[in-house]
Amino acid sequence: MQHDPPPLTRHLRLRSDRGHTVLEFRGEIDIAAAAEILPHLDAATARPGARVVLDLGRVEFFDCSGLRLLARARSRVLEGGGQVHLVCTHPLTLRVLRVTGMSLLLPPKATLDTVLEQPETATGSW
């Protein structure tokens, strides 16, 4: 039986899965949540060659603060020669990603398994 690791904050859980670091965002991702998440996000994206998944599957609200976190994670991982993927199915969050163009930089996948089962390829482009 697999147990989820304890959350780093009430808005972020971090775990390793099939060679990837999975950052699972939870609840309402607003400016206060972003301030809690940022140091953990920076630590998880600092390693050269990092393979990171940003999982928004448990997000209920997502504003521009969340977009800044995604952009920062993407930039840091790609600068280090790593891979970054996004998992998201929430219709309102997907709309925010589409309207802002973030879905072009981080194409959202429907499930974590979809990301973890694909061959190693970098995502996003400058």
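Please read these numbers as outputs of a predicted model, since none were measured by experiment.
Phe25 has its side chain within reach of Leu69: a pair of non-hydrogen atoms, C-beta onward, lies under 4.5 Å apart. Residues Leu70 and Leu56 are in side-chain contact: their nearest non-hydrogen atoms beyond the backbone lie under 4.5 Å apart. Side-chain contact check for Glu24 versus Leu14: every heavy-atom pair is 4.5 Å or farther apart. Using a 4.5 Å heavy-atom cutoff, the side chains of Arg18 and Val115 are not in contact. Using a 4.5 Å heavy-atom cutoff, the side chains of Thr21 and Val53 are not in contact. Within the 4.5 Å cutoff, no side-chain heavy atoms of Asp30 are placed close to those of Phe62.
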**Report entry** Working for side chain to side chain contact (heavy atoms under 4.5 Å, CB included), residues Ile37 and Ile29
**Finding:** CA-CA 9 Å; Ile37 292 169; Ile29 307 303; 3.9 Å; yes
Query - Stepwise side chain to side chain contact (heavy atoms under 4.5 Å, CB included) test for Leu97 and Leu86 - result: CA-CA 11 Å; Leu97 296 171; Leu86 177 66; 3.7 Å; yes
Report task. Assess whether side chain to side chain contact (heavy atoms under 4.5 Å, CB included) is satisfied between Val87 and Leu54, documenting all intermediate values. Result -> CA-CA 6 Å; Val87 174; Leu54 306 166; over 6 Å; no
Requested in this report: Please step through side chain to side chain contact (heavy atoms under 4.5 Å, CB included) for the pair Arg74 and Leu78, ending with a clear verdict.
Outcome: CA-CA 6 Å; Arg74 179 185 175 277; Leu78 293 180; 3.6 Å; yes
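With Thr100 contributing its side chain and Val96 its backbone, the two residues share a donor-acceptor pair below 3.5 Å. No donor-acceptor distance shorter than 3.5 angstrom exists from the side chain of His20 to the backbone of Val22, with no hydrogens or angles considered. Listed for the Thr45 side chain is a donor-acceptor partner under 3.5 Å among the backbone atoms of Leu41. A donor-acceptor distance shorter than 3.5 angstrom exists from the side chain of His11 to the backbone of Arg26, with no hydrogens or angles considered.
Taking both residues in full, the closest heavy atoms of Val52 and Ala44 are given as CG2-O, 4.0 Å, listed atom of the first, atom of the second, then distance. Scanning both residues, Leu94 and Cys88, for their nearest heavy atoms gives CD2-O, 3.6 Å. Here the shortest heavy-atom pairing between Ala50 and Val77 reads O-CG1, 3.7 Å. For Ala33 against Glu28, the heavy-atom pair with the smallest separation is CB-O, 3.3 Å. Looking at every heavy atom in both residues, Glu36 comes nearest to His40 through O-CD2, 3.3 Å.
Looking at Ser65 and Arg68, their side chains do bring a donor and an acceptor atom within 3.5 Å of each other.
Atom CG of Asp55 and atom CZ of Arg13 lie 11.5 Å apart (nearest 0.5 Å). The CZ atom of Arg51 sits 5.5 Å away from atom CD of Gln83, with the distance rounded to the nearest 0.5 Å.
Within the structure, the salt bridge (Lys or Arg N to Asp or Glu O under 4.0 Å) test picks out no pair touching residues 87-109 (sequence neighbours left out).
Using a 4.0 Å cut-off between charged nitrogen and carboxylate oxygen, Arg72 and Asp42 count as a salt-bridge pair.
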